[in-house]
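Every heavy atom of this structure was used, including side-chain atoms; hydrogens, water molecules and symmetry mates were not. Along the sequence shown, residues are numbered consecutively beginning with 1.
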Amino acid sequence: MTRSSAIVGWVFLTLSVLWGILLKTRILRGADNPEWLKVVHRFISGLAMLMVLTHMVSLYLDSFIEFTVADLLIPFSSEFEPWGVALGIIGMWAMVLVWLTSMAMQWIPQPVWKAVHFASYVSVFAVALHSGMVGTDVGTPWYTALSVVLITAATFAGIIRVILTRRSPAPATKASQATESPAEVSTPRPSVNSSDPTGRITCRVATRRQPATDVVELTLTPIDQDVEMEWEAGAHITVHLGNGLERQYSLTGDPADSRSLTIAVLNTHGPGGGSQWIHEHLRVGTELDIDPPIQAFALKPAHRYQFVASGIGITPIRAMLASLPATRDWQLLYLGRERDQMAYLDQLEADYPSKVTVWVSGERGGRAPLDELLDSKAQIYACGSEGLLNTLEHEVDSSRLHVERFIPVDRSGEHTSHALSVEWEPTGQQVEVGPDQTILDGLESLGVDLMASCRRGVCGSCELSVVKGAPAHLDSVMADEDKDELGIMYPCVSRASTDYLTVSPS
């Protein structure tokens, strides 16, 4: 049991690291959607930890060498092969550190989690040395062959990761030549906030085109070429505009591209609005600041999907379609008033002729009969007008419906506001939040610097982790069940069903 658990654990550890590298480089994106692949990654990592635990328990029970608990947990405590055993213990603790932080990643800042995750490479290296120095199978032909395969695979995967993640993005000037004439290119303003402590990223508009009437598509690339913007389908960004406004836009490009972000903005022609400012002022070469992508509309694992979009709501759906493998069972229902107002329509019909159903109300003489067009078995992902989303919420069971909203739902009547005590867990500071005050305002009065863009319960930028207490969700970011499962809340509008809350950074 000791020998077999060690070998199987080494295989699973190597496979887990390989899987993580393949996820990072997006090589596997053609095999399945990211959520499925992440589940598999966690499963393999869990099996590796189970094998390591089995290995250590069997060593403790084996009376041949008589390992003590200290011998198995503290490097160089054992007199038996001290260097080889110590390397195994170091590799084990590195595995435990990565595994525990992965289980608690929603409560750990992403930069910290990423830094800790590099310990997986330490673990693979230490375990490889340990396996080559200790054990009765060392030196046998089959064990040598297995060792060569595992070490070679891990090494090549690491090299591929470095090469692919450091590839240089295409110069913005080449893209601009294909989309705009030189006369339309604006003069860039000086780069700012490239190392902003708030996490903002300074980007340059690399391309600009018009995929539909009153819709402009912008591709943004970071000024700092070392910045990687990892995101999954359904994510959005907050754009900081030159007129002082902040607006959120869904990402509509290919999630495999970590070097650029693509948004499509509908000009609503509202006075003083962000969309009109973008249409009038953003040109190829213009620089602006964005917040890192936020995931609040995740594509969850399912065997069958139906996507429903109306108008500019096609933007996050388009990214979801790009992330699905060719073998996944899905259909798209795309609704609009006129064809020239439906962004990406021609491309979608050309790319997926058998999977796209288009309903143009101006051509068909009325609205789509959703009760006839909806799939009764599929998981439904929808984005679009409030009328569409409200209809879907009446037609589709909540367990099958996933929506992204542009406008928050009024949920103020769902919970009675009362005064509560809120503790900021990192410092232990407490504040009394009155019934007419938001939790966000209360925390900011303590000097807590929180990212908060829309302050209406839509964008998800103010996300916090709930340490103690029971939140009363009043936002429209995602389903309440998903927030409770993740242990998060949005303090800009949400309250608490208890008299207290303890929160921390998400």
Output, in order, the C-alpha distance, side-chain angles, deciding distance and verdict of side chain to side chain contact (heavy atoms under 4.5 Å, CB included) for Ser123 and Val98. CA-CA 9 Å; Ser123 179; Val98 172; over 6 Å; no

Does the side chain of Leu324 reach to within under 4.5 Å of the side chain of Met320, using non-hydrogen atoms? no

Measure the shortest side-chain to side-chain distance between Thr438 and Val493 over non-hydrogen atoms and say whether it is less than 4.5 angstrom. no

Tyr344-Glu217 side chain donor-acceptor pair, cut-off 3.5 Å: yes

Let's go through Leu370 and Trp359 carefully: what are the C-alpha distance in whole Å and the side-chain angles of both, what is the deciding distance for side chain to side chain contact (heavy atoms under 4.5 Å, CB included) to 0.1 Å, and is it a yes or a no? CA-CA 10 Å; Leu370 292 179; Trp359 187 280; over 6 Å; no

For the pair Glu393 and Arg405, evaluate salt bridge (charged side-chain N to carboxylate O under 4.0 Å, His left out) and give the outcome as yes or no after the intermediate values. CA-CA 12 Å; Glu393 287 179 341; Arg405 293 183 179 274; 2.5 Å; yes

Where the side chain of Gln306 meets the backbone of Asp375, is there a donor-acceptor pair that is under 3.5 Å apart? yes

Ser275 vs Thr268, test: side-chain hydrogen bond (donor to acceptor under 3.5 Å, both in side chains). Steps then yes/no. CA-CA 6 Å; Ser275 64; Thr268 60; 3.1 Å; yes

Name the residue from Tyr352, Tyr305, Tyr381 that meets the ring-ring contact (aromatic ring centres under 6.0 Å, His included) definition with Trp330. Tyr352

Neighbour count >12 (heavy atoms, 6.0 Å) for atom CZ, Arg367: no

Sub-3.5 Å donor-acceptor pair from the side chain of Ser310 to the main-chain atoms of Ser385, do we have one? yes

Under a 3.5 Å distance rule, please check whether Arg247 uses its side chain to pair with a backbone N or O of Leu241 as donor and acceptor. no

Check for a donor-acceptor pair, side chain of Thr14 on one end and backbone N or O of Trp10 on the other, with a separation under 3.5 Å. yes

Compare all side-chain heavy atoms of Val308 with those of Leu373 and state whether any distance is below 4.5 angstrom. no

Interatomic distance, His473 atom NE2 to Arg495 atom CZ [nearest 0.5 angstrom]: 14.0 Å

Contact check, side chains of Ser445 and Val431, non-hydrogen atoms, under 4.5 Å: yes

For atom CZ of Arg304, decide whether the heavy atoms of other residues, nucleotides or ligands shown that lie under 6.0 angstrom number more than 12. yes

When you check the side-chain N and O atoms of Ser16 and Ser45, is any donor under 3.5 Å from an acceptor? yes

Does a side chain donor of either His240 or Asp291 reach within less than 3.5 Å of an acceptor in the other side chain? yes

Got a donor-acceptor contact below 3.5 angstrom from the His117 side chain to the Thr101 backbone? no

When you measure from the side chain of Gln295 to the backbone N and O of Phe297, does any donor-acceptor pair fall under 3.5 Å? yes

Rounded distance (nearest 0.5 Å) linking atom CZ of Arg318 with atom OG1 of Thr252: 4.5 Å

Does Trp424 CH2 have over 12 foreign heavy atoms under 6.0 Å away? yes

Output the distance between atom CD1 (Ile223) and atom CD1 (Ile201), rounded to the nearest 0.5 Å. 11.5 Å

Can you confirm whether Val503 sits close enough to Val467 that some side-chain heavy atom of one is under 4.5 Å from a side-chain heavy atom of the other? no

Within this structure, what is the CG-CD1 distance for the pair Leu464 and Ile488, rounded to the nearest 0.5 Å? 9.5 Å

Step by step, would you call Glu463 with Ile294 a side chain to side chain contact (heavy atoms under 4.5 Å, CB included)? CA-CA 10 Å; Glu463 179 181 296; Ile294 294 176; 5.7 Å; no

Donor-acceptor under 3.5 Å (His236 side chain, Cys459 main chain): yes

Just by modelled atom types, is the Ala470 backbone N or O under 3.5 Å from a matching donor or acceptor in the Ser497 side chain? yes

Between CZ on residue Arg400 and CG on residue Leu392, distance to nearest 0.5 Å: 10.5 Å

Within a reach of under 6.0 Å around NZ of Lys468, are more than 12 heavy atoms found that belong to other residues, nucleotides or ligands? no

Can you find a heavy atom in the side chain of Leu440 that is under 4.5 Å from one in the side chain of Arg455? yes

Heavy-atom side-chain contact between Leu501 and Val433 under 4.5 Å: no

Are the side chains of Leu332 and Ile314 in touch, meaning some heavy atoms are under 4.5 Å apart? yes

Give the C-alpha distance, both sets of side-chain angles, the deciding distance and a yes or no for side chain to side chain contact (heavy atoms under 4.5 Å, CB included) between Tyr334 and Ile317. CA-CA 10 Å; Tyr334 191 7; Ile317 301 300; over 6 Å; no

Supply the atom-to-atom distance Glu349 CD to Thr357 OG1, rounded to the nearest 0.5 angstrom. 10.0 Å

